[in-house]
Engineer: 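Mind having a look at this structure? Questions to follow.
Quick note on labels: first sequence line is chain A, next is B, and so on, each numbered from 1. All values below come from the heavy atoms of this structure, side chains included, with hydrogens, waters and symmetry mates left out.
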There are 2 protein chains.
Amino acid sequence: MRRPTIHDVAHEAGVSISTVSHVLNGTRPISAETQARVRAAVEAQGYEPNARARQLKADRSFAVGLVVPDVMNPFFAEVASGVEEELRRQDVLLALCSTGAQAGREAYYAQLLRHRRVDGVIFLSGTGLPAAELSTLAEGESVVFVDERVPGVEAPFVGSDNRRGARLIAEHVLSQGHRKVAILGGPPALWTAEQRLAGYREALLTRGLEPDGVPCVAGDYEREGGRVAVRTLLDGPGDRPTALLVANDLMAIGALQECRTRGIAVPDELSIAGYDDIPEAAILTPPLTTVRQPAREMGRAAAHILLERIEGRPVPRLTDFPAELVVRESVRAIGEEEVRSV
Amino acid sequence: MRRPTIHDVAHEAGVSISTVSHVLNGTRPISAETQARVRAAVEAQGYEPNARARQLKADRSFAVGLVVPDVMNPFFAEVASGVEEELRRQDVLLALCSTGAQAGREAYYAQLLRHRRVDGVIFLSGTGLPAAELSTLAEGESVVFVDERVPGVEAPFVGSDNRRGARLIAEHVLSQGHRKVAILGGPPALWTAEQRLAGYREALLTRGLEPDGVPCVAGDYEREGGRVAVRTLLDGPGDRPTALLVANDLMAIGALQECRTRGIAVPDELSIAGYDDIPEAAILTPPLTTVRQPAREMGRAAAHILLERIEGRPVPRLTDFPAELVVRESVRAIGEEEVRSV
DNA sequence: AGCAACTATACAAACGTTTGTACAGCGGTC
DNA sequence: GACCGCTGTACAAACGTTTGTATAGTTGCT
């Protein structure tokens, strides 16, 4: 049973196809009786315009891609959720592309999305793919980058002030008296990782600590990676640190797990600070002190900007959200006695 | 700068457009020299076939929709991840649709996806939308349901044995000596909720308990919902239960939080059993005893079946994965003394 | 009565492919 | 030397819309 086309409707209504098109789109005045007949025919046949034909004609697909390292990462999931929320308001479909933080897959999706001629792409890169690669891949499409900035790329960017966020939390742990801190950073190729590191170092300097003196290892922003990275930190030479600055919450969770298996009490023996404020952060034991980024808002903003840009309207080159310190219980003043609440 | 079309390439190579098409698709033998000239022209112009035109002609969009209550729910995120993984192997795009478990949005997306003529839809319903609604909405599309079964619908279904899973975990807590148990169920309209409830009751009967005698409230499968639901359970008449059967992990987390604020020790004073084995389950304090569903596999299978069905090949009506008991620390034998491991 | 200015509709081109059909050239066969 | 079959290519139709242009019918003005 073939689905009816505009021809079938026109035939049944006894009018031309252009007339049908015009009544359906309201593109031109059509007499009331003709409209009625057309609508009746549409109803009778259960006609629905063929979106594919429409897309060809309009040279628009009413879909945009979202390239993201991993939807299972709660932070990315929240960004994705915000993106979708905004797109839905305009009946635009979201093509979800998870790269697993693999450069090959990121390139694959960039290419696939371009070949498919989606109307635009939101990039949340997780691979540090160089700007040159990305911008040729994205060439011709409207693109906006979110969260993770790719230096040297000219597209609009939506993010939050990672440097300031990192500084805030580092200052917080230092203000609690910690002098022996260690850093568990993100993938060095990533801009956010670099920014957060810079923020930590700023805070250290302010407190009179030599940044190059603090142990620092690079993680991969994932739970298991955080777990193994924290091992090298804990097994490293010198005294064990009293506080850990971890560049994202997922790795902080890994660190927490490692501490648990080693029997290191958090925060009594070791304070741990995270970044992102994913939903899990609040339900951990102990609840994680971290930095909140408005992930959903960022997703929404990115989608909004992309949509505006697709429409040809001018958009901001840079949209910056504030990052906010969230103090919970995983960071404690040094030497402070544990207080059992029950 | 207009993107080149097949005409431009044909012109530059001095051949007809059909020749270009045939060399690009290998649809017909073309002499080596002609091929070379065409490829050179393609290269020179940076030609890329217009997917929209191709889709119109082929009457395929090479995209499928995934309707899901909420990507931020880790279980659904994992299913989505599996779906995407499978689709990627065939260069099929995934349109992500989050309904927020709202029937209106579920209907909206079903309609949008049909209007957009995606090649198929994977439904993970979260609203208990009646079969009649859904099947008309999905009419004409290839559809497969995953995880959440909609009774009375004829489409292929991929799920896991919720009833057995629930029975397993209920038997586990009962085997630990608990007699005063309470049930925190899922949304009554949902099939999984009903199945899990049935499984719990089976186990209760086996152990000689009267199912109607155990307190039972309905939750919404979400964290906050679990939290408030557990309140009514804890504040209910009669003795406080010693064990809670919670129909999914998210609600179990909510229950855990509520217990923490009330100062109820888990599992010492109250055992809690979950369902789904989301990644968070393992990192909670205490780690959650729960039932594992192979979410990623289910997603993969659903995508595979959908793809097969789109190709017109026969597919199984029912694909059932096993559910598996995961014993961790949130359920403890009754009366057993707490043993501090450190 | 004739013409201008509408209004409502029809016609046909265009969007960029894929693919069935036609045909030109050519070597081989009787 | 006419015919057959084969290879390589061109032509044109079709997919289902949207939209610019043309036209028929009506009204109103002089």
Engineer: Is there a donor-acceptor contact under 3.5 Å from the side chain of Thr5(A) to the main chain of His7(A)?
Structural biologist: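 Yes: the side chain of Thr5(A) pairs with the backbone of His7(A).
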Engineer: What is the nucleic acid contact for Arg52(B), judged by heavy atoms within less than 4.0 Å: base, sugar-phosphate only, or nothing?
Structural biologist: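 Contact class for Arg52(B): none.
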Engineer: Got a donor-acceptor contact below 3.5 angstrom from the Glu194(A) side chain to the Ala189(A) backbone?
Structural biologist: no
Engineer: For residues 63-80 of chain A, run the donor-acceptor check on the side chains, cut-off 3.5 Å, and write out each pair with its distance to 0.1 Å, sequence neighbours left out.
Structural biologist:
residue: Asp70(A); atom: OD1; partner: Met72(A); partner atom: N; Å: 2.9
residue: Asn73(A); atom: OD1; partner: Phe75(A); partner atom: N; Å: 2.8

Engineer: So with a 6.0 Å cut-off around NE2 of His22(A), is the heavy-atom count from everything else above 12?
Structural biologist: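 Counting neighbours around NE2 of His22(A), more than 12 heavy atoms of other residues, nucleotides or ligands fall under 6.0 Å, so yes.
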Engineer: Side-chain contact test, heavy atoms from C-beta onward, threshold under 4.5 Å: evaluate it for Met298(A) versus Thr319(A) and give yes or no.
Structural biologist: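 When only atoms from C-beta onward are counted, Thr319(A) and Met298(A) do not touch, as no gap falls below 4.5 Å.
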Engineer: 5'-most contact on DNA chain D: Arg117(B) or Arg28(A), nearest heavy atom basis?
Structural biologist: Arg117(B)
Engineer: Looking at residues at least two apart in the chain, or sitting in another chain, which of them share a salt bridge (charged side-chain N to carboxylate O under 4.0 Å, His left out) with Asp320(A)?
Structural biologist: none
Engineer: Could you list by number each residue of residues 53-62 of chain B showing a heavy-atom separation from DNA chain D of less than 4.0 Å, or answer none if no residue does?
Structural biologist: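 Those residues are Leu56(B), Lys57(B).
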Engineer: Test: ring pair (Phe, Tyr, Trp, His ring centres under 6.0 Å). Region: residues 24-68 of chain A. Which pairs qualify, not counting sequence neighbours?
Structural biologist: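 The answer is none; no pair qualifies.
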Engineer: To the nearest 10 degrees, what angle separates the axes at the start and end of the helix from dA1(C)-dT30(D) to dC30(C)-dG1(D), five pairs each?
Structural biologist: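 Inter-axis angle at the termini of the helix from dA1(C)-dT30(D) to dC30(C)-dG1(D): 70°.
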Engineer: Do any of residues 33-42 of chain B sit with a heavy atom less than 4.0 Å from DNA chain C, and if so which?
Structural biologist: none
Engineer: Side-chain contact, heavy-atom cut-off 4.5 Å: Arg2(A) with Asp8(A)?
Structural biologist: yes
Engineer: May I ask you to list the residues of residues 13-27 of chain B, by number, that have any heavy atom positioned under 4.0 Å from an atom of DNA chain C?
Structural biologist: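 Correct list: Ile17(B), Ser18(B), Ser21(B), His22(B), Asn25(B).
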Engineer: Reading DNA chain C 5' to 3', which nucleotide is the first, and which the last, to come under 4.0 Å of any heavy atom in chain B?
Structural biologist: dG16(C) to dT21(C)
Engineer: Using a 3.5 Å distance criterion without hydrogens, assess whether the side chain of Asn25(A) forms a donor-acceptor pair with backbone atoms of Thr27(A).
Structural biologist: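 No; judged by distance alone, with no hydrogens or angles, the pair does not exist.
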Engineer: According to side chain to side chain contact (heavy atoms under 4.5 Å, CB included), who are the partners of Gln35(A), at least two apart in sequence or on a separate chain?
Structural biologist: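 Side chain to side chain contact (heavy atoms under 4.5 Å, CB included) check on Gln35(A) returns Val23(A), Ile30(A), Arg39(A).
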Engineer: Applying salt bridge (Lys or Arg N to Asp or Glu O under 4.0 Å) as the test, list every pair that has at least one member in residues 301-316 of chain A; sequence neighbours left out.
Structural biologist: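 Of all non-adjacent pairs touching residues 301-316 of chain A, those that pass salt bridge (Lys or Arg N to Asp or Glu O under 4.0 Å) are Arg60(A)-Glu311(A), Glu308(A)-Arg313(A).
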Engineer: Taking Thr127(B) for the side chain and Leu129(B) for the main chain, is one N or O donor matched with an acceptor at less than 3.5 Å?
Structural biologist: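 Yes; judged by distance alone, with no hydrogens or angles, the pair exists.
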Engineer: For residues 144-155 of chain A, tabulate all N or O donor-acceptor pairs below 3.5 Å that involve a side-chain atom, not counting sequence neighbours.
Structural biologist:
residue: Glu148(A); atom: OE1; partner: Thr192(A); partner atom: OG1; Å: 2.7
residue: Glu148(A); atom: OE2; partner: Trp191(A); partner atom: N; Å: 2.6
residue: Glu148(A); atom: OE2; partner: Thr192(A); partner atom: N; Å: 2.8

Engineer: Working to the nearest 0.5 angstrom, can you tell me the gap between Arg117(B) CZ and Gln55(B) CD?
Structural biologist: 12.5 Å
Engineer: Who pairs with Arg88(B) by side chain to side chain contact (heavy atoms under 4.5 Å, CB included), at least two apart in sequence or on another chain?
Structural biologist: Arg105(A), Tyr108(A), Tyr109(A), Glu84(B), Glu85(B)
